[in-house]
Amino acid sequence: MPLTIAPLLASITITSTTTYTPANNLLECNLSISADGRASKFDILLDNRTNTYTNIQPGEIVDISVGKSLSSMQALFSGVIERKEISRPSLNQNYLTLGGTDYSVKLLNTIVPGTRGDTGSYHPDLNHQSGWFIDQIVIDLVSKHTPEITTNNVNSTSSYIRDLMFSYIPLSDALKELADLAPLYNYYVDNTKDLHFFYEETKDSGVTIDTSLIKSLTIETDIQNTKNRVFFLGGDRSFTDISYTGVSSSINTYSAYQAVQFTPVQPILKELWLHIGKTGSPAVELRGEVLQDSGDQPKGAVLRLFSIDAAKIAAADWHIVNIDYEPLQTGVKHWVVIYISPNHDVNNTYTWSHDGGTSGVNASAYDGLTWTVRTSSYRPAIKTIYTEPIVTIGEDTGSVSKYGALETTISKPDINDFDQANAMGQRYAMQYGKARTEINASIYPPDNLPTPGHLITLSDSVSGASGQYIVTQMDYNIQGVETHDLSMRCFRFE
């Protein structure tokens, strides 16, 4: 069927009740639909000479369809009125202007909390022992924070996150970060309030824009934003320094302070792991300290005090104490001490697991001052954890050879897995290490209007532009039944 060249018409429905068309007081419709992380926007102008539409208020829902005839309209937009303006320039003129954004603004106005264990925190658990796939996080975030937005078009990803925590940022920023981590994914909310999260080059609109549809265009190819060598800075990578993991027996704390000696190899203590259990219901939290040795006894300078809430301790298990980067003297003896239970109650006390070996040094004291030190004895169970920053380098060698090194740094402190950071740095370099060609075009409308985020095919015999491009924005300016402007922005990597 040959293409029909005709002006575009707009049809506006407000709160699913009243529809406005050029024959029904709709004077102008400006619509900008985006798929580059920004909210899509609209402005409409209504003839309000009879003061009929004064009751329309911000917060009402707007649905916009566009087409070449009112009988063949294409639903393009659904959003919320955010702004209302009444203008009376003369006695016989009265206009109502309405403006607003699509549903994706909800993503901008919703904050994802960022403390461990809440709804913005993703760590390995029983259901995600190797981590979370990025699409799983997307679905989880949107379902929890904006349940009115569905996730039927979230595509699966092969990229996973072992440890990720958002820090009180807008949901839109969280999704942008996840799209970058994938990477080369994009997202938008469609006119049915459904989130699309997808690899940019997989959605094909099936639309071809050829020379007959192009009024004017500009083509720009540049490497200003090309980055072919990426220094990827992740979070801190955890390693174990001291590891006393035998747990065949245990000592109690109801009658004495208990201590174990260790000699650090690494100069920083980030976490202390203790294998602790309890009997009954101790009245206070478990308390202790990390201190230096003095005369082969736990009597040196106290480096750090710590405690573990009694409610967090049940059957004997490992419990983590965050020491927050305490400097230690390497090659020098140190001690971990657990305090005596203050009530000396054998039925309500803490237990500290230990091995059955003879390679350790431990100590106990009834008053915390007079220590009995046992050498060639068991070791109470501890692990000391230190960290090192993750730094990897990704490179597109072909791009470096062609353009020279174009370097950038990407900081993702929530990525704490080295292999994952290394893979992400390489993917960034390979996918952003290319030149980018962007086309801005003013066009006649094809029968099927392109959807931002989807691919189109360009074929222009004049400029030579050809091939597939990703549409990032469509701008509509429709006035009455005779005037319209349609512009399009799209790009591809070369």
Side-chain angles (χ1 to χ4, degrees), residues 116-117 123-126 238-264 266 268-293 297-298 300 302-326 328 333-368 371-374 377-387:
R116 182 173 283 269
H123 313 284
D125 56 30
L126 290 177
S238 295
F239 299 89
T240 300
D241 185 8
I242 303 302
S243 181
Y244 302 159
T245 57
V247 294
S248 59
S249 189
S250 65
I251 49 178
N252 65 69
T253 63
Y254 76 88
S255 60
Y257 292 77
Q258 303 289 352
V260 63
Q261 187 186 88
F262 71 99
T263 302
Q266 298 298 323
I268 294 293
L269 177 60
K270 174 62 170 64
E271 293 175 350
L272 173 64
W273 290 38
L274 299 164
H275 202 276
I276 299 295
K278 71 180 178 183
T279 299
S281 301
V284 299
E285 70 269 22
L286 179 140
R287 299 171 182 169
E289 63 191 24
V290 180
L291 71 163
Q292 293 177 341
D293 177 89
Q297 296 190 48
V302 175
L303 301 176
R304 185 60 62 98
L305 300 173
F306 63 82
S307 65
I308 303 175
D309 191 338
K312 295 181 178 179
I313 301 174
D317 203 351
W318 289 105
H319 293 271
I320 301 174
V321 178
N322 184 14
I323 301 299
D324 196 23
Y325 301 102
E326 180 64 41
L328 301 179
K333 297 171 185 176
H334 292 68
W335 293 84
V336 174
V337 175
I338 292 182
Y339 295 170
I340 192 171
S341 298
N343 296 331
H344 311 290
D345 185 351
V346 65
N347 296 314
N348 296 283
T349 187
Y350 296 103
T351 61
W352 191 359
S353 304
H354 65 78
D355 64 14
T358 57
S359 300
V361 178
N362 63 72
S364 60
Y366 297 106
D367 58 2
W371 290 92
T372 299
V373 177
R374 290 172 289 272
S377 184
Y378 60 82
R379 284 171 167 163
I382 65 168
K383 288 193 284 187
T384 62
I385 308 299
Y386 69 99
T387 60

Closest heavy-atom pair and its distance - Gly246, Ala381: O-CB, 3.7 Å
Interatomic spacing from OH in Tyr378 to OG in Ser359 - rounded to 0.5 Å: 14.5 Å
Sidechain-backbone polar pair: Asp241 side chain, Pro264 backbone, donor-acceptor under 3.5 Å: no
Matching residue for Leu328 among Leu303, Ile323, Ile268 - test: side chain to side chain contact (heavy atoms under 4.5 Å, CB included): Leu303
Residue pair Ser248 / Gly356: nearest heavy atoms and the distance that separates them: OG-N, 3.4 Å
Note, Val290 side chain near Val321 side chain (heavy atom, < 4.5 Å): no
Separation of Tyr386 OH from Leu269 CG (nearest 0.5 Å): 12.5 Å
4.5 Å side-chain heavy-atom contact, Val336 and Tyr244: no
Contact check, side chains of Thr245 and Lys383, non-hydrogen atoms, under 4.5 Å: yes
Pairs touching residues 268-278 that satisfy side-chain hydrogen bond (donor to acceptor under 3.5 Å, both in side chains), sequence neighbours left out: Lys270-Asn322, Glu271-Trp273, His275-Ser353
OH/Tyr366: more than 12 non-hydrogen atoms of other groups inside 6.0 Å: no
Value rounded to 0.5 Å, distance of CD1 in Ile382 from NE2 in His354: 14.0 Å
Side chain Asp355, main chain Arg379, donor-acceptor under 3.5 Å: yes
Side chain to side chain, Thr384 and Leu272, heavy atoms closer than 4.5 Å: yes
side-chain hydrogen bond (donor to acceptor under 3.5 Å, both in side chains) contacts in which one or both residues fall within residues 249-258, not counting sequence neighbours: Thr253-Ser341, Thr253-Thr349
Between CD1 on residue Ile320 and CD1 on residue Ile308, distance to nearest 0.5 Å: 9.5 Å
Close side-chain approach of Gln266 to Phe239, heavy-atom, < 4.5 Å: no
Considering all heavy atoms, the nearest Val302-Leu291 contact: CA-CB, 3.8 Å
Separation of Asn348 CG from Thr279 OG1 (nearest 0.5 Å): 8.5 Å
Smallest separation among heavy atoms of Glu289 and Phe306, with atom names: N-CE2, 3.2 Å
Any side-chain heavy-atom pair of Ile338 and Tyr350 under 4.5 Å: no
For the student: nearest non-hydrogen atoms of Ala365 and Gly368, plus distance: CB-N, 3.7 Å
Euclidean distance, Leu286 CG relative to Ile313 CD1, rounded to 0.5 Å: 5.0 Å
Nearest heavy atoms of Val337 and Trp371, plus distance in Å: CG1-CH2, 3.9 Å
